[in-house]
Amino acid sequence: MSGGVLPGWDARPAALSILARLLPRRTPAVIPGALPSLALTLVWVGLIVLLPLAALAARPWQDGPAALLHALSDRRTLAALRLSFGTALGAAILCTLLGLLLAWVLGRVRPPGWRLLDAMIDLPFALPTAVAGITLTTLYARTGWLGAPLARIGMRVAYTPLGIMVALVFVGLPFVVRVVLPVLRDLPAELEEAAATLGARPAQVAWRVLLPALWPALATGFGLAFARGVGEYGSVIFIAGNRPLVSEIAPLLIVIRLQEFDYGGAAAVGLVMLLAAALCLLLVSAARRRLPASLGLVR
Amino acid sequence: MLSFDTRGPAAVPARRDLRGDGAVGEAADAAAAAAGVSLHGVSCVFGRTPAVRDIDLTVANGEFMALVGPSGAGKTTLLRIIAGLQPGYEGSLAIGPRDVTDVPARARNIGFVFQNYALFRHMTVAANVAFGLKVRPRATRPDRHAIAARVAELLELVQVAPLAKRYPAQLSGGQRQRVALARALATEPALLLLDEPFGALDPLVRKEIRTWLRALHDRLGLTSIMVTHDQAEALEVADRIAVLRDGRLEQVGTPSELEDHPATPFVHQFLGETVRFDGVHEHGRLRLDPPWSAVPLLGQPPAMGEGRVSLSLRPYEVALRPTAEPGAARIVDVQRAGAFHRVRVAPTGDGRDAIEVLAPSSEPPPRPGTTCGLDLSRARSFGGDRETAGRRIAVGW
């Protein structure tokens, strides 16, 4: 109406002033160039993270809401989503328990050779996930070192949801250990000593003093392991067996849909995963902030 | 059983009865029963370095004892041994009439206030104070209402009642200190142990809290042992002071005993500023070492051993007497410092090797450039291979 895009309106200072308003007001200007750094960061985050996510969110609607609904009401899709989130949840819980134990051993018990053990914790990060998946499959297959004795007691791990959980625990465990261990190490020994002088037995010290101090870290580790588990692909597809409705995970289904040139369907599954994962992480974050131990950290 | 009687000194005998345990049968046991803590031959070695060596120490019931010494003297180690937090020590240790040498910390019935307070930061102030009661086995655990009442009472006692629902992170240093104390007192410990309790407080709060702590100790009839590196703090708060050095007990005594009859020059020096002279005492004549050898001595301590001696004085105990004798010391300069004149005096005319002494400002100050002799009659003397008026003890020197 008024002759194009607002003549004389220079976008740059306006954008900066909007940014400036977003900054906490009392931020002291001690860091030189805080504003340009923030702008640069936001641009990068936008390009690398937000733009692809926005594209993903936009894609399924292009074929119309009906197509989206159709893609999502498919039995196979629902089964795959249920499997992915279910196994990720189970694996994250297992990771949290095992990770706490491992962190405890590395941080407090310190058996001989704990440094080596400490270094090995990170191996699953470095190992190509496919290698991990193939190795686990070989181990847990009916003829494998672990699979054979398990088969004798009637347990099947490879090519079942249980196998998927095993793979997810493998890749998720380092997250919990790496998040919990530094917190555990930083807890002053005086806390345990104070509890002891007040008459607490070792189990009471662990349960009432140490664990509560670790809750936020455990919640964070749980969230990371869960998020990794939902999206994990490489290590899972070998051990899962990938039978539709039984052991086919959602990320694999996306690949299958892509191979069928069903881009809309693939994006629909992707969108649901994105939303569900975001919701779960928000819940974990909210839970962590409500934990009383955080009161020492968050004002 | 659960409530402190906070009405005043009358509370003291009541608490002592509580702890008597009927062990006060014979007269010979009376001394042992009155002991709040007794240590015999306690040693502790870290790797190869002995942290604490062969300590014998008795703290009387109701006494406030301070462990002082330079850092690394072993005072905190000794406190942790008493608390049961330091494994691997030798010797024996009794709290009250009960031998606790092999008793773990949780069963020693002590209260420990840590230097950094070690409050549980995920618990409110009230929950922190209640902790010691909540972890008791069901049989001896008070019910919820009794615990709540006791917590309220303790918070009142340490004057932080309005803060019950706060978290440690929301408290000031002084408030944390009080909460830590309340938590330690909640289980009615037979013994209160304090590790540098004022170390993290700013000077004003520190002064206030230590006066208050001492009053609380008296009111509750506690037996307390405090570790500090600040001798002024120890002198102000404690009934008796144990001076540690290199893991050994140098001397134990009341502040005035330590001041008047220090066992070693170290004790004298540790408790305040000193001026020290070395010399030889032979046939009743004292000759100071250079550079003071030529300075006229117009007074010497009455009782001194024969042989090599060292004399230690507070700066205000060195008296300067005007004299024109040859070799007289020279006043370098004079400054007013509160109730004193700070006088620098040198053994020779060129002003080298000057020492600082304090002269009362009620008297006219010596003029710079004038000459004087030394009157050391108020000095503590140490050494002398024959007699030292019984002031030497076996350890250390």
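The figures here come from the full heavy-atom set of this structure, side chains too, leaving out hydrogens, waters and symmetry mates. Everything numeric here is computed off the predicted structure, so don't read it as measured data. Letters A, B, ... mirror the listed sequences (proteins, then strands); counts begin at 1.
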Query raised in the report: How about A:Trp114: does its CH2 atom have over 12 heavy atoms from other parts shown lying under 6.0 Å from it?
Result: yes

Query raised in the report: If every non-hydrogen atom of A:Leu198 is compared with every non-hydrogen atom of B:Val135, which pair is closest and at what distance?
Result: O-CG2, 3.9 Å

Query raised in the report: Counting only heavy atoms not in B:Gln159, do more than 12 sit closer than 6.0 Å to its CD atom?
Result: yes

Requested in this report: Against chain A, label B:Leu193 side chain, backbone, both or neither, depending on which of its atoms sit under 4.5 Å from a heavy atom there.
Outcome: neither

Requested in this report: Identify which of B:Val113, B:Asn116, B:Leu119, B:Thr187 forms the greatest number of heavy-atom pairs closer than 4.5 Å to chain A.
Outcome: B:Asn116

Query raised in the report: Which value, rounded to the nearest 0.5 Å, describes the distance between A:Gln204 atom CD and B:Phe131 atom CZ?
Result: 6.5 Å

Query - Structural part of B:Pro104 lying under 4.5 Å from a heavy atom of chain A - result: neither

Requested in this report: Answer with side chain, backbone, both or neither: which region of A:Ala189 has an atom nearer than 4.5 Å to a non-hydrogen atom of chain B?
Outcome: neither

Query raised in the report: Is the backbone N or O of A:Leu211 less than 3.5 Å from a side-chain atom of B:His122, with the two atoms forming a donor-acceptor pair by type?
Result: no

Query raised in the report: For the atom pair OG1 (A:Thr197) and CZ (B:Arg106), what is the distance rounded to the nearest 0.5 Å?
Result: 12.5 Å

Query raised in the report: What is the distance from atom CZ of B:Phe112 to atom CD of A:Glu193, rounded to the nearest 0.5 Å?
Result: 7.5 Å

**Report entry** Contact origin within B:Ala184 toward chain A - heavy atom pairs under 4.5 Å
**Finding:** backbone

Requested in this report: Check whether B:Arg183 gets within reach of chain A through its side chain, its backbone, both or neither, counting any heavy atom under 4.5 Å.
Outcome: both

Query raised in the report: Can you tell if the side chain of A:Arg201 reaches within under 4.5 Å of the side chain of B:Pro137, non-hydrogen atoms only?
Result: yes

Report task. Go through the steps for A:Glu190 and B:Gln115 under the test side chain to side chain contact (heavy atoms under 4.5 Å, CB included), then give the verdict. Result -> CA-CA 9 Å; A:Glu190 283 92 348; B:Gln115 189 171 5; over 6 Å; no

Query raised in the report: So with a 6.0 Å cut-off around CZ of A:Arg185, is the heavy-atom count from everything else above 12?
Result: yes

